[in-house]
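Order of appearance sets the numbers: ligands from 1, and atoms from 1 within every ligand.
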Amino acid sequence: MGFTPAPEEDDAFWMRRALAEAARGLGRVEPNPMVGAVVVRDGRLVRVGHHERFGGPHAEVFALGAAGAAARGATLYVTLEPCCHHGKTPPCTDAVLTSGIARAVVATPDPFPRVAGGGLRRLEAAGVAVTVGVEAAAARRLNGPFFKRQATGRPYVVAKWAMTLDGKIACASGDSKWISGPESRAAVHDLRGRMDAIVVGIGTALADDPELTARPPGPRTPLRVVLDREARLPLDGRLARTARAVPVLVVAGPDAPGDRVGALAAAGVEVLPLEGDAAGRVGSLLDELGRRGVANVLVEGGGTALGAFWDAGEVDAVEVFLAPVLEGGAGEFGPLRGRGVARMADATRLAGLEVARRGPDVWLRGDVPRPWRGAS
Ligand SMILES: NC(=O)c1ccc[n+]([C@@H]2O[C@H](COP(=O)([O-])OP(=O)(O)OC[C@H]3O[C@@H](n4cnc5c(N)ncnc54)[C@H](OP(=O)(O)O)[C@@H]3O)[C@@H](O)[C@H]2O)c1
């Protein structure tokens with residue numbers, strides 16, 4: 001006797017397949033969401049599709065186009081509500097209706113104001129059976145940057161650091177090369193190549209003279225941002241020297257010395273003056289990056305800069321490379337300076353933890369609970 005899954009289990013199975021398809025757009029579609037679609041008929045996979053690149057056709061169009069006449073009477077699984085407006089491409093609801101799809105299963109509504117339930121209503125009004133909310137939490141997690149930007153106008157912030165087993169990101173002298181091994185450092189380059197911006201504090205720029213590029217390059221070329229109230233970024237450092245090839249943005253204070261600002265500008269560095277305290281400047285920077293279409297920001301340190309993003313309540317996910325290295329000492333350089341909490345009960349517990357080995361190191365990634373994530 002064969003096992004027949006309940007229909008709702010079928011739905012979850014096929015939606016997970018669509019989510020895997022969606023993830024193929026990582027690094028290529030931002031600031032659009034990653035979307036995957038699967039056409040299923042009589043319990044069998046007909047065709048899959050995903051949103052492949054920013055401005056390109058949507059996932060449904062790929063899957064339905066490939067399915068052709070086989071889509072008639074079939075079920076469409078799609079990780080985000082089909083759009084119903086003319087954007088860079090025609091409405092996907094038209095493609096769904098023309099295809100003859102009988103049922104549409106959708107992971108989450110699209111929060112984009114020009115869609116926001118309109119696509120679902122359009123399909124239902126035309127007689128398509130619509131189910132919403134299948135694997136919704138996984139879909140919202142996959143597209144955290146899209147959902148955060150829609151809710152707040154700000155990009156998604158990943159805080160990353162490499163740390164000794166006794167909790168330090170540098171020695172007392174400030175030296176930090178290298179805590180983690182080559183496998184971890186390769187993973188960081190891979191991460192950078194999927195980001196739109198990388199942020200460091202001037203302390204790190206002075207101590208490490210980092211280049212902050214992805215080597216080898218990834219699908220995206222991140223803007224390099226330095227928090228630097230006095231515009232102290234050295235002109236002969238790697239960042240300023242490469243500013244004409246890969247953009248550098250120095251976030252200065254309103255009172256930064258004019259000659260320093262002028263010299264950086266002459267070297268091809270953009271200087272953005274921002275007022276306010278540390279948390280206010282973090283918020284203003286994220287607003288500005290959101291306006292520029294930045295979807296993902298990586299904050300690489302040091303502890304002062306990371307602490308400022310943390311205290312501002314703007315860290316959305318954490319990636320830590322934990323090395324089997326012991327330093328000893330009181331440890332001036334912790335990964336998250338800033339205010340801290342008085343009671344362990346007030347500390348933040350990460351959700352959705354992922355753990356893996358990277359050579360001799362352990363890599364951890366977790367999500368910070370944030371209001372825009374919603375209940376799921
Ligand atoms: N292991 C790792 O993963 C890792 C990663 C990075 C760095 N590090 C190490 O960390 C050390 C540097 O850390 P750090 O804490 O001294 O310096 P930092 O966080 O790199 O830079 C801090 C400085 O950034 C400036 N800043 C401007 N706006 C800010 C804002 N809104 N919020 C916070 N800072 C702002 C401030 O200087 P102004 O007042 O002059 O603007 C502040 O003193 C180095 O030894 C480096 O090697 C380790």
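- Remark: the Thr108 side chain and the Arg140 side chain contain no N/O donor-acceptor pair separated by less than 3.5 Å.
- Taking every heavy atom of Asp228 and a limit of under 4.0 angstrom, the matching atoms of ligand 1 come to 27 (C), 41 (O).
- For the pair Asp208 and ligand 1, the shortest N or O to N or O distance falls below 3.5 Å.
- Atoms of ligand 1 found under 4.0 Å from any heavy atom of Ala162 (numbered from 1 in listed order, with element): 1 (N), 2 (C), 3 (O).
- Taking the charged nitrogens against the carboxylate oxygens, Lys148 and Glu314 do have a contact shorter than 4.0 Å, which makes a salt bridge.
- The protein heavy atom nearest to atom 33 (C) of ligand 1 is Ala308 CB, 3.6 Å.
- For ligand 1, the atoms lying closer than 4.0 Å to a non-hydrogen atom of Gly301 are 6 (C), 20 (O).
- In this structure, Glu135 and Arg141 have side chains that are not in contact, with every pair of non-hydrogen atoms separated by 4.5 Å or more.
- With hydrogens and angles disregarded, a donor-acceptor distance shorter than 3.5 Å links the side chain of Arg149 to the backbone of Gly290.
- For atom 12 (C) of ligand 1, the closest non-hydrogen atom of the protein is Thr204 OG1, 3.6 Å.
- Among Gly280, Gly174, Cys171, Gly203, the residue whose heavy atom lies closest to atom 17 (O) of ligand 1 is Gly203.
- Using a 4.5 Å cut-off on side-chain heavy atoms (C-beta onward), Val248 and Leu233 make contact.
- A salt bridge is absent between Arg260 and Glu230: the closest approach of a Lys/Arg side-chain nitrogen to an acidic carboxylate oxygen does not fall below 4.0 angstrom.
- In summary, the atoms of ligand 1 found under 4.0 Å from a heavy atom of Ser176, numbered by their order in the structure, are 47 (O).
- Between the side chain of Thr204 and the backbone N or O of Gly302 there is at least one donor-acceptor pair closer than 3.5 Å.
- Of the protein's heavy atoms, Ile202 CG2, 3.5 Å lies nearest to atom 37 (O) of ligand 1.
- Nearest protein heavy-atom contact of atom 14 (P) of ligand 1 is Thr304 OG1, 3.6 Å.
- Summarising the contacts of atom 40 (O) of ligand 1 with Lys177, Arg232, Lys160, Glu230, the nearest heavy atom is found in Arg232.
- For the residue pair Arg238/Thr213, the side-chain donor-acceptor check at 3.5 Å is not satisfied.
- You'll find the ring centres of Phe62 and His51 outside the 6.0 Å limit.
- The protein heavy-atom contact nearest to atom 25 (C) of ligand 1 is Leu227 O, 3.4 Å.
- Contact atoms of ligand 1 toward Ile179: 1 (N) (distance under 4.0 Å to a heavy atom of the residue).
- Atom 48 (C) of ligand 1 has Ile169 O, 3.1 Å as its closest protein atom, hydrogens excluded (heavy atom only).
- Protein heavy atom in closest approach to atom 13 (O) of ligand 1: Gly302 CA, 3.6 Å.
- Of all the atoms in ligand 1, the ones that sit under 4.0 Å from a non-hydrogen atom of Ala305 are 19 (O), 33 (C).
- The atoms of ligand 1 that sit less than 4.0 Å from any heavy atom of Glu300 are 5 (C), 6 (C).
- Side chains of Asp361 and Ser180: a donor-acceptor N/O pair is absent below 3.5 angstrom, by distance only.
- Heavy-atom proximity to Phe333, at under 4.0 Å, picks out these atoms of ligand 1: 11 (C), 16 (O).
- Under 4.0 Å is where a charged nitrogen must lie from a carboxylate oxygen, and between Arg291 and Glu288 at least one such pair does.
- Defined by atom type and a distance below 3.5 Å, a donor-acceptor pair is present between the side-chain atoms of Trp363 and Glu319.
- Closest to atom 39 (O) of ligand 1, if we only count protein heavy atoms, is Arg229 NH2, 2.9 Å.
- For the ligand labelled ligand 1, residue Met163 lies outside the 4.0 Å heavy-atom shell.
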